[in-house]
Structures are given as structure tokens and as C-alpha cells.
Amino acid sequence: MNTVVIGVIGADVHAVGNKIIEHVLNEQGFNVVNIGVLSSQEDFINAAIETDAQAILVSSLYGHGEIDCKYMREKCIEAGLTKIKLYVGGNIVVGKQDFKEVEQRFKKMGFNRVYPPGTNIERAIKDIKGDLNV
Amino acid sequence: MNTVVIGVIGADVHAVGNKIIEHVLNEQGFNVVNIGVLSSQEDFINAAIETDAQAILVSSLYGHGEIDCKYMREKCIEAGLTKIKLYVGGNIVVGKQDFKEVEQRFKKMGFNRVYPPGTNIERAIKDIKGDLNV
Amino acid sequence: MIKNKKIPWESFIETRAQILKQWHTGASEALDFEQSIAYLKSVPDHKNFAKKLRLAKEAGVTLIQPRAGVALLEEHIALLKYLETAGEADFLPCTIDSYTRHNRYQNAEDGITESRKAKRSLLNGFPAVNYGVEGCKQVYEQVNLPVQARHGTPDARLLSEIIHASGWTSNEGGGISYNIPYAKNIGLEDTIRYWQYCDRLVGFYAEQGIELNREPYGPLTGTLVPPSISHTIAIIEAILAAEQGVKNITVGYGQGGNVIQDIAALQTLDELTNYYLKLFGYDDVYITTVFHQWMGGFPADEAKSMGIIAMASTVAALGKATKMITKTPHESQGIPTKEANAEGLRASKIVTQLLKEQRMRSSSELNEEKAMIKKEVNALIYACLNVGKGDLAEGVVEAFKAGFIDIPFAPSEMNAGKILPARDASGKIRILEFGNLAFDAEIKQFHQERLKERGTLENREVSFQMTIDDVYAVSEGVLVGKAKGEMYYED
Amino acid sequence: MIKNKKIPWESFIETRAQILKQWHTGASEALDFEQSIAYLKSVPDHKNFAKKLRLAKEAGVTLIQPRAGVALLEEHIALLKYLETAGEADFLPCTIDSYTRHNRYQNAEDGITESRKAKRSLLNGFPAVNYGVEGCKQVYEQVNLPVQARHGTPDARLLSEIIHASGWTSNEGGGISYNIPYAKNIGLEDTIRYWQYCDRLVGFYAEQGIELNREPYGPLTGTLVPPSISHTIAIIEAILAAEQGVKNITVGYGQGGNVIQDIAALQTLDELTNYYLKLFGYDDVYITTVFHQWMGGFPADEAKSMGIIAMASTVAALGKATKMITKTPHESQGIPTKEANAEGLRASKIVTQLLKEQRMRSSSELNEEKAMIKKEVNALIYACLNVGKGDLAEGVVEAFKAGFIDIPFAPSEMNAGKILPARDASGKIRILEFGNLAFDAEIKQFHQERLKERGTLENREVSFQMTIDDVYAVSEGVLVGKAKGEMYYED
Ligand code: B12
Ligand code: B12
């Protein structure tokens with residue numbers, strides 16, 4: 001069973017997308033561990049360790065994503081999650097910025113895939129299934 | 001008495017501004033000769049000669065102003081109107097263009113003053129009074 | 001004197017021969033009826049204006065159409081394609097340039113030449129006659145939506161021949177609505193006759209099983225026109241078209257600004273047109289409505305223009321207009337860029353789509369307004385019939401002469417030009433000076449009372465100054481014009 | 001257990017001493033009441049939120065206010081000045097960043113530092129506590145409009161102290177509305193207590209003759225919230241505020257999308273709040289309303305966003321909201337540039353100004369909707385009073401525990417999260433799953449019937465899938481979500 005951890009990082013309370021992502025991933029046969037809003041990097045990592053997850057889907061909507069996601073890859077490695085896939089999506093930076101640039105910034109931080117505002121979750125699931133060989 | 005000829009040049013039928021200009025100029029004490037819409041350069045010039053007018057106010061709204069106003073100054077001189085002031089206003093070119101440039105184009109054609117879209121006619125009257133020493 | 005009578009076929013054919021000689025493009029073989037009928041029969045449903053309008057009306061959705069036209073063929077096609085895709089338009093226009101509108105084809109030709117040199121359009125529209133059927137077919141073929149000619153041409157006979165033979169399935173205009181606001185001294189009898197020809201052409205195609213749409217031009221001068229006056233013209237033009245055999249007609253109305261008056265206008269336009277068509281025995285005409293976003297002066301600011309555009313769309317959707325003609329954020333400045341045009345379209349599109357399940361239900365205010373409009377239209381139509389001794393074509397000519405019908409701010413000398421409109425306290429368009437307008441004392445009193453209310457509220461005389469203030473008002477960001485020096489309460 | 005009782009002065013003062021120690025800016029002398037009272041008394045009427053709102057309500061005009069806040073003080077001031085002039089705003093906000101909202105002042109401090117380095121704001125708002133009274137006074141002094149703090153802070157006690165002492169004459173928030181949509185596991189009792197403090201502070205200033213405005217946050221999660229639920233919260237927070245001595249309250253509502261339901265909501269919000277305040281003996285509270293432009297997901301396209309903004313403004317104006325919070329064409333992307341923010345404002349401004357003389361009159365549809373909202377609010381308030389044994393503070397805490405009140409899509413664990421909303425066939429927000437919501441069978445039946453109608457029309461089950469489709473719908477350009485694969489009729 002493909003376990004993925006989802007949640008909303010930092011001081012962010014945007015819950016709607018999170019609830020919908022949970023629903024759609026479930027429907028598509030994933031084992032979804034939803035740690036909800038207001039979650040720290042540690043919350044994500046602990047949940048992934050506990051549930052032996054293959055991927056973490058970080059949502060950040062409120063604009064502080066750039067600060068909140070810093071060193072997340074490093075912390076995963078420290079915690080022994082060396083192979084975990086990291087995805088991030090939502091409105092991950094402050095303001096309307098050139099997405100190509102934003103993507104680069106997050107890829108440098110170690111995220112495997114980076115999604116622009118309003119990404120249709122079903123399209124992203126195709127990527128994820130590919131990456132996890134589902 | 002200060003006589004001015006007003007009208008709308010070319011195949012242009014925009015009548016609303018013309019009627020309002022007539023009303024306001026009258027109110028301000030001018031002797032207004034309104035030749036109305038769909039007027040040719042000749043109509044303006046003949047009216048100015050007949051009424052011994054000191055200025056011609058050309059309106060052009062519909063976009064063909066640049067074509068319709070060509071050589072108007074030359075024709076005035078030919079007709080003996082050597083001192084007449086020429087004003088033009090409305091939406092005198094096709095589309096939203098940089099007004100500074102448009103102004104230059106019409107000044108080169110011999111217009112004394114050139115007005116941008118939506119000019120408040122009362123403000124223009126101040127210029128006219130100054131120019132005609134009223 | 002002109003009569004509302006179907007043009008006999010022989011006389012039509014005779015005139016036609018003359019018309020096709022007006023400019024060299026009239027000589028095209030594609031104008032042979034055999035060819036044009038075959039071509040029009042090949043038009044698929046989704047590119048047929050008349051059929052798409054039917055579907056929209058049945059679905060209760062408001063579809064959108066921009067204005068657009070430039071001098072050069074390739075650029076015109078590119079523009080339409082852009083408005084179809086980036087603009088999400090539902091219908092495409094070809095707005096015709098002003099020289100063509102005045103049958104000055106040589107001027108238009110020069111405009112094309114100069115535009116090629118200048119590498120920008122020096123014409124304010126697409127000179128369809130100069131391009132002829134060959135050019136116009138390219139336009140039709142390269143887009144995926146129904147195409148319509150939109151103009152303002154008193155004598156559009158050659159133009160109409162060319163566009164229909166090119167697969168353009170709708171034509172805007174009418175003998176009154178493309179004269180009074182668009183000409184200075186062309187006789188009404190003449191333009192009615194010209195447009196009877198255009199309608200007869202459409203009627204002929206209808207006999208061949210080809211459904212084309214005709215759209216009398218609703219907003220007239222676009223400036224403080226009371227709904228009953230524009231409705232009367234629309235209804236008369238619909239009847240004149242029906243007599244010539246037209247089966248699919250879109251009657252129009254230009255936004256006035258008061259939401260309830262506008263919705264009352266949209267509803268009564270549909271109701272009254274259907275009523276009068278049936279009354280005069282035209283039983284099989286399909287009627288749709290078109291709402292024009294604010295046709296008067298726009299504010300210079302683009303964001304504010306977008307505000308007006310979307311507000312207008314709200315009204316059109318709630319009033320269930322079948323179609324809406326959109327404006328653009330460049331309106332006050334000049335012919336829009338394609339981008340600005342598409343912005344106006346998309347702002348309109350989302351509003352009409354969001355509201356497609358909603359409509360304004362009746363209320364006492366709406367009912368009162370509808371009743372007034374009906375009473376006024378009935379009075380005006382009655383006056384026409386009366387002076388026309390039962391014939392509406394003759395009647396409307398006489399009614400204009402007598403000033404029984406009168407359109408504010410019109411340039412035409414055929415129009416009495418004696419009435420003055422002004423807004424009442426809630427922004428509804430009323431009449432201040434009636435001239436000879438065929439309203440009875442009761443109707444006049446209603447208008448006077450409403451205007452007096454405003455005068456009292458603003459503590460000023462009901463006078464032409466109100467009209468002037470109202471003409472300027474929207475471009476200054478309000479609906480009801482305020483006296484100079486008066487404080488606007490806005491912050 | 002928490003009670004709806006005015007905080008005794010001594011206990012307030014005791015708490016205050018603690019609060020002011022939470023961050024070093026709390027130590028400012030400007031927070032001595034003597035100083036702050038003198039400062040607030042120097043605020044001129046046109047910069048007083050409460051007074052300007054009164055004038056607007058009396059004039060029947062809808063005033064506008066943006067959201068705006070950036071990390072750096074000078075930039076924040078420049079932003080507000082721009083929105084005042086280029087945006088023609090009537091009120092100014094200071095939207096507070098999310099770290100401050102969670103009392104993480106050190107994070108906010110870091111955010112300021114990093115923003116200075118990066119030369120762009122890395123915070124999603126203005127960290128008012130970090131700037132303290134000295135910084136916040138600069139904001140107030142350099143603009144010419146009333147200033148308000150807008151946030152989402154469960155514990156805003158220090159923030160409130162600082163902003164009021166700085167001349168900001170309004171504070172948004174409430175013990176329920178700034179908890180349930182904005183927090184995960186903070187107790188309701190706690191946040192109600194925190195906000196009783198904020199209200200008591202405003203009540204204290206009122207005793208000194210200083211009228212400040214308070215605004216319970218209306219839209220909650222901004223996502224398919226039925227009007228009766230947000231109204232109930234607004235009314236309860238108004239009552240809790242009134243008990244602490246607040247005299248000027250603006251109750252809020254977020255646009256739902258159906259024009260009639262939204263106008264019914266605006267009218268009943270005013271009527272019910274006044275009714276309940278009087279019922280509970282708070283006779284001298286001045287109530288105004290605020291309408292939030294669409295609070296759910298926006299479309300990516302800027303022109304379409306402008307369409308929604310102006311459509312919302314039409315509704316606010318016809319519903320006679322006293323104030324409207326505007327969105328921007330950048331909404332779906334991120335915090336807007338100042339230009340985009342001003343565009344949203346100007347599009348809103350012209351619509352509210354054009355329509356200021358107009359209002360929606362009653363109709364049977366409007367009356368039915370108003371009656372339903374009233375019935376539902378009465379049921380919810382009754383349920384709270386019942387479990388609170390007459391005390392609304394205790395009652396609302398218990399009602400949330402029991403799920404008698406339940407807010408869709410809320411992140412808080414204090415919320416049952418069992419109800420599911422969905423739109424009916426005309427786009428009105430109804431309830432699909434009631435959980436324990438305190439509605440009687442008659443009310444439930446009404447909702448079920450309306451949803452069944454839609455199900456029949458769309459030929460599908462009434463289920464969570466409808467809710468999901470409705471959540472996405474507006475960002476995809478429609479109001480009523482359509483089942484996957486279903487054709488939208490749009491062209
Ligand atoms: C109402 C209107 C119409 C009505 C006119 C009714 C009538 N017969 O009067 C109708 C619907 C018939 C119409 C038709 C057309 N119109 Co028209 N119309 C307008 C509109 C919306 C308002 C004009 C108006 O009445 N304003 C109110 C009056 C009071 O203001 P005004 O005319 O600007 O005049 C004031 C000032 O400009 C100034 N002023 C004017 N002249 C002068 C001269 C001097 C010397 C001075 C000092 C000042 C001055 O003082 C006046 C009084 O305050 C404008 C756009 C806008 N402004 O929002 C388009 C507009 C003028 N129309 C336009 C066009 C193109 C047309 C058409 C070709 C159709 C089309 N393609 O869409 C036809 C042309 C027909 C023809 N042959 O002329 C374009 C012109 C484009 C350009 N220049 O690039 C405009 C700008 C719209 C647009 N953005 O596309 N139109
Ligand atoms: C509703 C809403 C709210 C509600 C949230 C209610 C709740 N508790 O859930 C309320 C009103 C409370 C709110 C509050 C705030 N909000 Co808000 N909010 C929105 C809004 C309008 C819609 C969000 C939403 O629900 N969308 C619908 C869901 C279904 O879509 P979604 O969230 O985008 O998620 C989908 C996709 O993005 C994708 N996705 C999401 N995450 C991930 C992750 C991965 C890996 C993948 C593959 C896909 C994916 O799949 C999801 C499902 O389809 C957006 C703007 C917009 N989008 O139009 C602003 C927005 C997100 N909010 C914003 C802000 C700033 C705030 C506030 C700080 C207030 C403020 N300054 O105005 C506070 C923050 C509070 C906090 N501490 O978090 C900003 C963020 C700015 C930025 N990034 O630059 C936005 C973009 C608005 C704006 N333009 O300013 N907000």
C-alpha cells in the first residue's frame with residue numbers, strides 16, 4: 001500500500017485544499033496520513049517515519065512557504081528518511097512571482113516536484129504515481 | 001463678439017459632445033456657429049469665412065481624425081483664413097496611443113491646440129479665451 | 001410613400017442588379033444565388049448565428065460578443081481568432097469602418113493602402129465591401145464561431161449581399177436605427193427601403209431553408225435613451241423585417257444604468273416584440289434579445305471601465321438577455337487592442353457564467369417599471385399606426401416628421417430633436433422635455449413627478465443642466481449627475 | 001466555565017500587566033492609558049472608523065476597504081498611501097502577518113530582518129506588535145483615512161492594546177471567528193476570554209468618550225458557509241462585545257454567489273443583529289454591515305477576477321452593505337502588488353458609486369430567503385441559549401462541543417466538522433449533511449428538497465462530490481459545480 005503524508009506547513013491554517021487532497025488521494029487508492037494544518041517539519045517527518053511513508057506532500061498557501069520549508073530535505077536525511085519524495089504545492093511564496101524561478105528555488109531546497117497555485121490535484125497524482133511506480 | 005465655428009469632421013456622427021460644446025460655449029458668451037456632424041473641411045472653412053470666425057473647433061471622435069484633418073491648415077490659408085486658430089479634440093486617432101506623440105502629429109499639421117480624449121470643455125475654454133484675448 | 005409590404009421578387013432582382021454594380025467586388029460570381037445558397041447550406045450549426053441564439057435562449061444563458069474590426073484582412077482574421085480563444089467570445093463581429101458605412105469605398109480603399117504603409121490600422125473597422133466575398137469568406141472560414149456584420153450603415157445593400165454570400169449568418173441594422181443615430185440628412189423613407197432590401201435578402205435565403213439572424217440596432221445614440229423609445233424602434237424594425245420574411249430576430253437594448261429599469265427593459269423587450277409580431281400576424285419569428293453594455297461615455301480609468309463591464313454583465317445575466325455586446329477597458333480612449341478587448345470579454349464571461357442559473361424575479365418595483373414601459377411603447381406604436389393609417393412603415397416616417405417619436409442626441413435632421421431625458425433620483429431614465437412625443441398626460445405626469453422628486457432631493461431646478469450632468473456622470477464615476485460644486489458623498 | 005459578563009476592572013488591569021510583558025514593545029509609555037486616551041481623543045472625525053461608518057450608513061452608500069500589509073514599516077506606509085490615493089479606498093487596513101497572529105513575535109522579527117535583506121516582504125502581513133506603538137502611530141499619522149487591524153489572531157490582546165493606543169480606530173476579530181477558521185487546537189473558552197479582553201479595552205475607551213469600531217469576522221472559512229451559520233456567530237460576537245461595552249459594531253458576511261441569497265443575508269444580518277442586541281438589553285449599539293467579496297478560490301485569470309470583484313460590488317451596493325472588503329486580480333496567485341490591489345479597489349469603487357441610489361426591493365424570492373435565514377438563526381441561537389442555560393458565552397462553547405453549531409471546512413478541532421454544504425440549482429448555499437446542527441425537521445426538509453431538485457436536474461446523487469465540485473466551481477468560472485465530464489453549456 002502506498003502511504004503518503006499530507007499536511008499544511010507552518011502557521012498556515014488553509015484547510016480546504018488539504019481536505020480535498022485527502023479525499024481525492026483516498027479515492028485513488030492511497031493510504032493517506034493527514035496531519036492537517038499548522039504542522040511543523042517535525043510533524044511531517046515523524047508521521048512519515050511512523051507510517052513508513054514513501055512521500056510527503058507539503059501544502060503551503062499563506063505565503064511563508066519559503067521560510068517554512070527551509071532545510072526540510074536536510075532534516076529528512078538526518079532523521080533517516082533518505083529516499084522519501086518531497087512534493088510541495090499551493091501558494092508557496094509571497095505574491096505573484098515568476099513560477100519558473102520559484103520552482104528552481106524549491107528544487108534547490110530538495111523538493112522533487114513543485115506545483116504552482118491552483119494546481120489540479122488529479123494532475124499531480126499522475127506524477128506521484130509515476131514517481132512511486134504505482 | 002467672439003465667433004467660433006464648431007463641428008464634427010469627416011464621416012463622423014458623434015453628436016453628443018458637439019451638442020454639449022455648443023451649449024457651454026453659448027453659456028460662456030461666444031457666438032457659436034455649429035455646423036454639426038459629418039462636416040468636411042470645406043464646410044468648416046466656408047462657415048468660418050461667412051461668419052468671420054476667429055477660431056475653428058474641430059471634433060473627431062471616430063478614429064479617422066488623422067486622415068480627415070490632413071492639410072486643413074493649408075486649405076485655410078488658401079481660402080484666405082490666415083489668422084484663424086485651429087483646435088482639435090475628441091478621440092482623434094485610432095486606438096489608445098501616447099498622447100504626447102499624437103499632439104505633435106497634429107501640431108505639425110498646423111493645429112494650435114490638441115486635446116486628449118474626454119477633455120473637459122470648460123478647461124479648454126480657458127485656453128481659447130486666452131488665445132483670443134477675451 | 002413607403003409601405004410595410006414584402007418587396008416583389010422581380011423588383012428585388014432588378015434593384016439587385018444595380019446594387020451589385022456599386023463597387024467592383026459586386027461582380028463576383030460567388031454572389032450568384034446558386035453559389036451563395038450552396039455555400040450558406042454548408043455552414044455547420046455551431047457557426048450559424050441564428051441556431052446558436054436559439055440554443056442559448058433555451059438554455060437561459062447569456063452569450064457574449066465583442067466589437068472588432070481593423071483595416072487589413074490578415075490582421076482582422078488574427079484579431080477574431082484571438083477574441084475567440086483568448087477572449088472566450090461566443091459570437092464574432094466584423095465591425096465595419098465608417099467610410100464603408102457611408103458607401104465611400106474609394107476612401108476605404110485609400111485607408112487600406114495607407115494602413116499597409118503605416119503598418120497599423122488607420123480605419124476604424126473592417127472594409128468588407130472592398131475585400132469582397134473572397135476576403136469575407138476567408139474571415140468566416142478561419143474562425144469557429146458564427147460571424148456577424150456590425151456597422152451603422154444607412155444603405156447596406158451591397159455590404160449585406162457580400163457578407164451573407166460569405167457565410168456571415170447575421171447582420172446588424174435597420175432602416176431607422178442605422179439612420180437616425182448614424183446619419184445627418186438621409187431620408188427615413190430611403191433607409192427603410194434600403195433595409196427592406198437587406199431583410200428581403202434574408203427572407204429569400206429563409207425560403208431556401210437557410211436561417212439567418214437579423215439584429216435591429218437597439219441602443220440608438222447610446223445616450224440617455226428611455227427604454228420605451230428604443231423598444232418602439234426595435235419592435236417596428238422587427239415587424240418590417242418579418243414582413244420581408246426574416247424568421248430569426250434579435251432585438252436590442254443599451255444599458256441605462258438603473259438595474260431594475262434595465263431588467264424591466266429586457267423583459268418587456270422580449271414580451272412586447274413577441275406580442276406585436278403575433279398581433280400583426282407574423283407567427284413564426286424566433287425572438288432573442290441583446291443587451292449592450294453601457295453605451296455612453298466611459299471613465300478614462302481601465303479598472304473602473306472593467307467595473308462597469310462586469311456590473312453590466314450582472315444585469316444582462318439577471319435579466320436573461322440572450323446575448324450581450326461587450327465593451328473594453330480602452331473604451332474612453334479609442335479602438336481597443338486585442339488584449340484589452342479580450343479582457344472585457346473574459347470579465348463578462350465569468351459573470352454571465354456564474355449567474356446563468358439565476359434570474360431576477362418580479363417585485364413591485366420591477367412590475368411598475370415594466371407596466372410603464374409597456375404603456376409608453378403602446379402609446380408610441382399607436383401613434384405610428386395612427387399617422388400611418390395602419391401601415392407601420394409609413395407611420396414611423398410620419399411619426400418622426402411630427403416628432404411623435406424623437407430620439408435624444410441624434411445627429412439626424414429627420415429627427416425632431418426636441419425631447420430631453422434626465423435621470424430620476426434612483427437613476428432611472430425619464431423625460432424632461434417631451435417635444436411632441438406621443439405620450440398622454442398620465443405618462444407625462446409620471447415622468448414629471450419622478451424628476452421633481454430628484455429636483456427636490458438635490459434642491460435644484462429640473463432643467464437641461466440635469467441632462468448635461470447626467471451625460472457626464474458615468475465617465476466621472478456616478479450615475480445620477482450632481483450639480484457643479486455639489487459634494488459627492490463618497491468618503 | 002466562561003460567562004458573558006463584563007470583565008471587572010481590577011481583573012482587567014491585572015491581566016493587562018501580564019499581557020504588556022509578552023513582547024518588549026508592550027513596555028512603551030504610550031500604552032499608559034493617560035497617554036493613549038489623549039492620543040485617541042486627538043483623532044479627527046474623518047479618521048475615526050466608527051464615525052465614518054455611521055455617516056456611510058445614513059447616506060446609504062457602500063464604502064470600500066482593501067486588505068494590505070507588508071513586513072517593512074516604510075513600505076507598509078507607502079502601500080497604504082497608494083491605496084488611499086490611487087486606489088480611492090475609503091478605509092485602510094493593516095493586515096497582520098501570520099506569525100504575529102500566532103503570537104510568534106520572534107519569527108516575525110526574523111521575517112522583518114530577512115525581508116530587509118531580501119529587499120522584498122517575506123511576511124504575509126504587517127507585524128504590528130514588533131513595530132510597537134511608535135511604529136503603528138507612524139502608520140496612522142501618515143495616512144488620511146481611518147485605520148483598522150485585520151488579522152485572524154486567536155489571542156490578540158497585546159496587538160489590540162498596541163493598535164488602539166496608536167490611533168487605529170477599529171479592530172477586526174472575535175473569540176469564535178478568529179479561532180475556528182484560524183486555529184487548530186486552541187480552546188474556544190480561551191479565545192472568547194481573550195476577545196472579551198479586547199472588547200473590554202474598547203469598552204473602556206468608550207467610557208472615556210472615545211468611539212472605536214469592532215468588527216466580528218464574518219466569512220469564517222470563506223468556503224460555502226451557509227448565511228445562517230455565519231450570522232449566528234456574528235450575532236453572538238456582537239452580543240459578547242456589547243456586554244464589554246462596545247458601542248459601534250460592524251457585522252460581516254462573505255459573498256455566497258447567489259445574488260438573492262446574498263442580499264437576503266445582508267438585510268437579515270442587520271435586522272437580526274439589531275433585534276438580538278435589543279432583546280438582550282444592549283440598546284445603544286450602532287450596527288453596520290460589511291460584505292466580503294468572494295472569499296473562496298479565485299480563477300487564475302486577472303480579467304475574470306475583476307469580473308467577480310465588480311459583480312460582488314453590485315451585490316453589496318444593492319444589498320446596502322455599509323462597507324465592502326475588496327479582492328484583487330492577483331487573488332488566486334498571492335499577496336497582490338499595490339497596483340493590482342488598487343485595480344480591485346477602483347473597479348469596486350465605481351460600481352458602488354454608480355449604484356448608490358439603488359437598492360434591491362422585496363420580492364417573494366427575497367422574502368422567502370430572508371424568512372429561512374431568520375428561522376435558522378433563531379434555531380441556532382436558541383440552541384446556544386439552551387445549552388448555555390441562558391448564557392451565550394457558555395452556550396456557544398457547549399454548542400460547538402455538541403456540534404449544534406458547525407462550520408464547514410474549518411481547521412479547528414473545537415469544531416465538529418460534520419456538516420457538508422452544497423449549492424442548490426440556483427446556486428444558493430444549502431446543507432447536505434447536517435451532523436448535529438441544531439435545525440429542526442422542517443428546516444432540514446427545506447434544504448434536502450432544494451438539493452434534491454438540483455440532483456434531479458443534474459441527474460446525479462446528492463453527495464460529497466457535489467460539495468467538492470462546488471468548492472472548485474468559481475475558480476473554474478461557474479457557480480454551481482458540474483459533475484466531471486459533464487458538458488458546460490457555454491458556447
Ligand atoms: C456614444 C458613442 C457612440 C454613439 C454616438 C451617438 C451619436 N450619434 O452621437 C454611437 C453608438 C452611434 C457610436 C458609433 C460609433 N462609434 Co462611438 N462612441 C461613443 C462613446 C461611448 C461616447 C461618446 C460620447 O458621446 N461621449 C460623451 C461626450 C460628452 O464626450 P465627447 O464626445 O468625448 O466630447 C467631449 C470631449 O471629448 C471634448 N471635445 C470633443 N471634441 C472636442 C474638440 C475640441 C476642440 C475640444 C477643445 C474639446 C472637444 O468636449 C466634449 C464635451 O465635453 C465613445 C467612447 C467614450 N468616450 O466612452 C465611443 C467612440 C468615440 N466611438 C468609437 C467608434 C469607433 C464608433 C463606431 C465606428 C463604431 C465602432 N467601431 O464601434 C461608430 C462610428 C459611427 C460614425 N460614423 O461616426 C470609438 C472611436 C475609436 C477611436 N478614436 O479609436 C470610441 C472612442 C469607442 C472605442 N473605444 O472604440 N458611438
Ligand atoms: C479560503 C481562503 C482563506 C480562508 C481559509 C479558511 C481555511 N481555514 O481553510 C481564510 C479566510 C481563513 C484565509 C486566511 C488567510 N489567508 Co487565505 N485564502 C483563501 C483563498 C481565497 C482560497 C483557498 C482555498 O481554499 N482554495 C480552494 C482549494 C481547493 O484550493 P487550494 O487551497 O489552492 O489547494 C488546491 C491546489 O493548490 C493543490 N495543492 C495544494 N497544496 C498542494 C500540495 C501539493 C504537493 C500538490 C501537488 C498540490 C497542492 O491542490 C488543492 C486541491 O485542489 C486563497 C486564494 C485563492 N486560491 O483564491 C487565499 C490565500 C491562499 N490566502 C492568503 C493569505 C495571505 C491569507 C491570510 C494571511 C490573510 C490575508 N493576509 O489576507 C490568512 C492566513 C491565515 C493563516 N494563518 O494561514 C494568500 C496567500 C498569499 C501568498 N501566498 O502570497 C492567498 C493566496 C490570497 C491572496 N492572494 O492574498 N484564507
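Proteins get letters first, then strands, A, B, ... in listed order; numbering begins at 1 in each.
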(message) If the condition is side chain to side chain contact (heavy atoms under 4.5 Å, CB included), which residues does C/Pro154 pass it with, not counting sequence neighbours?
(response) C/Ala183, C/Ile186, C/Thr191
(message) Counting only non-hydrogen atoms closer than 4.5 Å, does C/Thr223 touch chain B with its backbone (N, CA, C, O), its side chain (CB onward), both, or neither?
(response) side chain
(message) Please give me the minimum heavy-atom distance between B/Val13 and C/Tyr182, naming the atom from each residue.
(response) CG1-O, 3.1 Å
(message) Could you check whether any side-chain N or O of B/Lys19 sits under 3.5 Å from a backbone N or O of C/Ala410, counting only pairs where one atom can act as donor and the other as acceptor?
(response) yes
(request) Determine the option with the most heavy-atom pairs under 4.5 angstrom with chain C, choosing from B/Val8, B/Asn91, B/Asp12, B/Val24. (result) B/Asn91
(message) Measuring from atom CD of C/Glu302 to atom NZ of B/Lys96, what distance do you get when rounded to the nearest 0.5 angstrom?
(response) 3.5 Å
(message) Suppose a student defines contact as a heavy atom less than 4.5 Å from any heavy atom of chain C. Which residues in residues 104-116 of chain B would they list?
(response) B/Arg105
(message) Let's test your reading of the structure: which of C/Thr221, C/Val471, C/Asp110, C/Leu123 forms the most heavy-atom pairs below 4.5 Å with chain B?
(response) C/Leu123
(message) I'd like to know which of C/Asn124, C/Ile335, C/Asn107 tops the heavy-atom pair count under 4.5 Å against chain B.
(response) C/Asn124
(message) Within a 6.0 Å radius of atom CD on C/Glu74, are there more than 12 heavy atoms belonging to other residues, nucleotides or ligands?
(response) yes
(message) If I measure from the heavy atoms of chain C, does B/His23 come under 4.5 Å with its side chain, its backbone, both, or neither?
(response) side chain
(message) If I measure from the heavy atoms of chain C, does B/Ile20 come under 4.5 Å with its side chain, its backbone, both, or neither?
(response) side chain
(message) Less than 4.5 Å to any heavy atom of chain B: does that hold for the side chain of C/Pro408, its backbone, both, or neither?
(response) neither
(message) Does atom OH (B/Tyr71) have a neighbourhood of more than 12 heavy atoms from anything else shown, all under 6.0 Å?
(response) no
(request) Compare all side-chain heavy atoms of C/Arg120 with those of B/Val94 and state whether any distance is below 4.5 angstrom. (result) no
(message) Heavy-atom cut-off 4.5 Å, strictly under: side chain, backbone, both or neither for C/Arg101 against chain B?
(response) neither
(request) Tell me, for C/Pro411 versus chain B, whether the close heavy atoms (under 4.5 Å) come from the side chain, the backbone, both or neither. (result) both
(message) Using a 4.5 angstrom heavy-atom cutoff, name the option from B/Gly118, B/Gly95, B/Pro117, B/Gly63 with the most pairs to chain C.
(response) B/Gly95
(request) Quick one: sort the C/Tyr99 and B/His64 rings into parallel, tilted or perpendicular, breaks at 30° and 60°. (result) tilted
(message) Under 4.5 Å from any heavy atom of chain B, what part of C/Phe298 do you find: side chain, backbone, both or neither?
(response) neither
(request) Write down the atom of B/Ile35, the atom of C/Lys184, and the distance for their closest heavy-atom approach. (result) O-NZ, 2.9 Å
(request) Nearest 0.5 Å please: distance from the CD atom of C/Gln465 over to the CD atom of B/Glu27. (result) 6.0 Å
(request) First locate atom OG of C/Ser115, then atom CD1 of B/Ile67, and finally report the distance between them rounded to the nearest 0.5 Å. (result) 6.5 Å
(request) Taking all heavy atoms of B/Ala15 and all of C/Phe409, pick out the closest pair and write down the distance. (result) CB-O, 3.6 Å
